[in-house]
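What follows is one structure encoded as structure tokens, with my remarks underneath.
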Amino acid sequence: MARVAARLSTDGEQSTHPVDEVLPVPKLALYGFQHVLAFYAGAVIVPIIVGNALKLSPEQLVYLINADLFTCGIASIIQAWGICRIGARLPLIQGVTFTAVSPMIAIGLGAGGGTAALLVIYGAVITAGIATFAFAWLPAKAFRTVMRLFPPVVTGTVITVLGIVLIPVGLNDAAGGLGSPDFGEPKNFAYAGGTMLFILILMKIGKPFLSSISILLGLVVGTTVAFLLGDAKFGDVSNSDWVGVTTPFHFGVPKFEWFPIVLMLIVMLITMVETTGDTYAVGDIVGKEVDSETVARALRADGAATALGGVLNSFPYVAFAENVGLVRMTKVKSRFVVVAAGVFMIILGMLPKAAAIVAAVPHGVLGGAATVMFAMVALAGIQTLGKVDLKEEKNALIVGVSLAFALLPATVPVFFAKHMDPDLSSLLNSGVTLGATAAIVLNLIFNGLGKDDAHGRGIEVAEAVSAAVPGQAAAPAAGAEKGSAEKAGAETADAQNAGAEKAGAEKAGAETSGGSGPANGADTSAP
């Protein structure tokens, strides 16, 4: 693996491989598989966490992992290859968003867990996906309005809340998994601590490729040690089929309940900001101008993939910031490499035995890896808040009160369990929902709508999300390439405004006061 990584990195230094270049098949396979390695742990950890929280059986968990990988492959091909006006045609990998983890668990537990909970989740996912797809066909002015709801004080608070809320999920797994007979046993914490230490050592070594797959290697090594000590059971692997196909509505007909739908719509609003940032970031890396139509195509791919995920028994999808860093690191800019990675993921999604191996990862090992990832998410939010003037009392109040709201479900669960309607509880019994809603509402009260700068906002979110994954510090390349995210946004905005002036779009440029991307022009993303 080390020789392959060295070969890829060296080759990447010598050739940039333009975004529309179709590479020879051997190179497509090598570079595509590297994307899968960097992406794999982030892809499978969401169905594992959600499935364990909902108390799914091992067989159901295997199916969930296969469905996720299968849909990831299709979604990545749509985003990179492009179908009509759907897909950015940039090297963007699509994966299940971490933003949805806590809300989905809250919805699922409110619905009683098990496959019945999955049906409620899928109903919300399908609806949110269709809504996102439809929204991306609206004029750019509508998107600009949404972006103004997410200044750094809001995005930083939301990302911090996301990490803080998810850390207890990782710690519960580190203790052996809630409800397991050995919950809290010292050996579980030993596996978690050992896995965490191994991941941190890989990150300390500082080799870019090793850092990018540190979570995956941590899971592999931790599970191997647990197996040698008799604590990892692979009996379900032999019982699993070699080949399996994901079928629509495998667990039953989705249930459409309006409270979970509202919650999932909030999730998709946040993921739209994330995808916008990733699109601008990778556009700067590959040297391709990103305009509002490109962003709209990326969001349509998100919406289509999310709706497809609900149909194929998976979850909401977003452009993965992790792989943006890999594009910059290898300097391989061809979008067809991501297409090749999509093919690999589809194949992996048809191998139940491979998914059964992943599902056999002991809770302690999974908890060690997950806790690192979730802690990094919280840190990324804090870094974003570092750009905010917290000496300003109103900004400090927004952050502090929002964090307090986010901790309410975990601190006083009895209020939601005994004194609230079950439907309402499924919406509000989530720290992410309460914290994000509080941040948006309080910001509107104290600050009003922010400046019309969707590009700069997107870059900031891309940086934050990229930093949330160990080893992906290179992901915010748009800012790093030019010194800072703000400078990158300003330079790209100037370039796009210059183009707009040449095309006779002075009016659009005047209306947006130098904004870019979705902020440029009133109708550039309209059909």
Side-chain angles (χ1 to χ4, degrees), residues 17-22 32 35 39 71-95 97 129 132-138 140 143 146-147 268 271-309 316-328 332-342 345 454-455 457-459 461-462 465-466 475-478 488-489 492 495-496 516-521 524-527:
H17 298 305
V19 65
D20 292 317
E21 179 183 354
V22 180
H35 268 288
F39 156 91
T71 314
C72 279
I74 296 174
S76 297
I77 292 173
I78 293 173
Q79 187 70 274
W81 184 285
I83 300 174
C84 296
R85 295 176 65 185
I86 304 171
R89 293 182 174 87
L90 290 169
L92 286 167
I93 289 279
Q94 295 290 104
T97 173
T132 302
F133 183 81
F135 176 81
W137 290 96
L138 295 176
F143 185 79
V146 173
M147 292 299 97
M268 292 308 294
T271 61
M272 282 195 294
V273 182
E274 183 179 338
T275 290
T276 300
D278 292 336
T279 304
Y280 279 119
V282 81
D284 283 341
I285 293 170
V286 303
K288 183 174 181 179
E289 182 177 345
V290 172
D291 57 15
S292 57
E293 172 60 17
T294 306
V295 174
R297 291 200 308 264
L299 293 175
R300 290 168 201 155
D302 269 8
T306 297
L308 181 65
Y317 284 85
V318 68
F320 247 39
E322 293 91 316
N323 294 78
V324 174
L326 192 60
V327 172
R328 180 176 182 267
V332 179
K333 303 173 182 179
S334 172
R335 60 191 173 97
F336 296 101
V337 169
V338 169
V339 174
M345 285 185 278
H455 184 182
R457 197 77 31 73
I459 291 293
V461 176
V465 176
S466 301
T492 305
Q496 292 184 351
S516 62
N520 271 355
T524 49
S525 68

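The residues of the chain are indexed from 1 along the displayed sequence.
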Just so I know, are the side chains of L92 and V338 near enough to count as touching, which here means a heavy-atom distance under 4.5 Å?
no

Side chains of V282 and P91, heavy atoms from C-beta outward: is any pair under 4.5 Å?
yes

Say you draw a straight line from CE of M268 to OG1 of T97; how long is it, rounded to the nearest 0.5 Å?
8.0 Å

Without hydrogens or angle criteria, can the side chains of D302 and T132 be said to hold a donor-acceptor pair below 3.5 Å?
no

Below 4.5 Å, heavy atoms only, C-beta onward: do T294 and K288 meet side chain to side chain?
no

Could you tell me which non-hydrogen atom of R335 sits nearest to which non-hydrogen atom of W81, and how far apart they are?
NH1-O, 3.0 Å

Taking it one step at a time, do I93 and M345 satisfy side chain to side chain contact (heavy atoms under 4.5 Å, CB included)?
CA-CA 11 Å; I93 289 279; M345 285 185 278; 4.0 Å; yes

Taking all non-hydrogen atoms of both residues, which atom of S76 and which atom of G342 are closest, and how far apart?
CB-CA, 4.4 Å

Flag, side chain of R297 to backbone of R89, donor-acceptor distance under 3.5 Å:
no

List the atom of G32, the atom of A341, and the distance in Å for their closest heavy-atom pair.
O-CB, 3.4 Å

Evaluate the side chain to side chain contact (heavy atoms under 4.5 Å, CB included) criterion for residues Y317 and Q79: first the C-alpha distance (whole Å), next the side-chain angles of each, then the deciding distance (0.1 Å), finally the verdict.
CA-CA 11 Å; Y317 284 85; Q79 187 70 274; over 6 Å; no

Taking the side chain as every heavy atom from C-beta outward, state whether T306 and T271 have any pair of such atoms under 4.5 Å apart.
no

Correct closest heavy-atom pair for V290 and T279 would be CG2-O, 3.6 Å

Closest heavy-atom contact between L299 and A136?
CB-CB, 3.8 Å

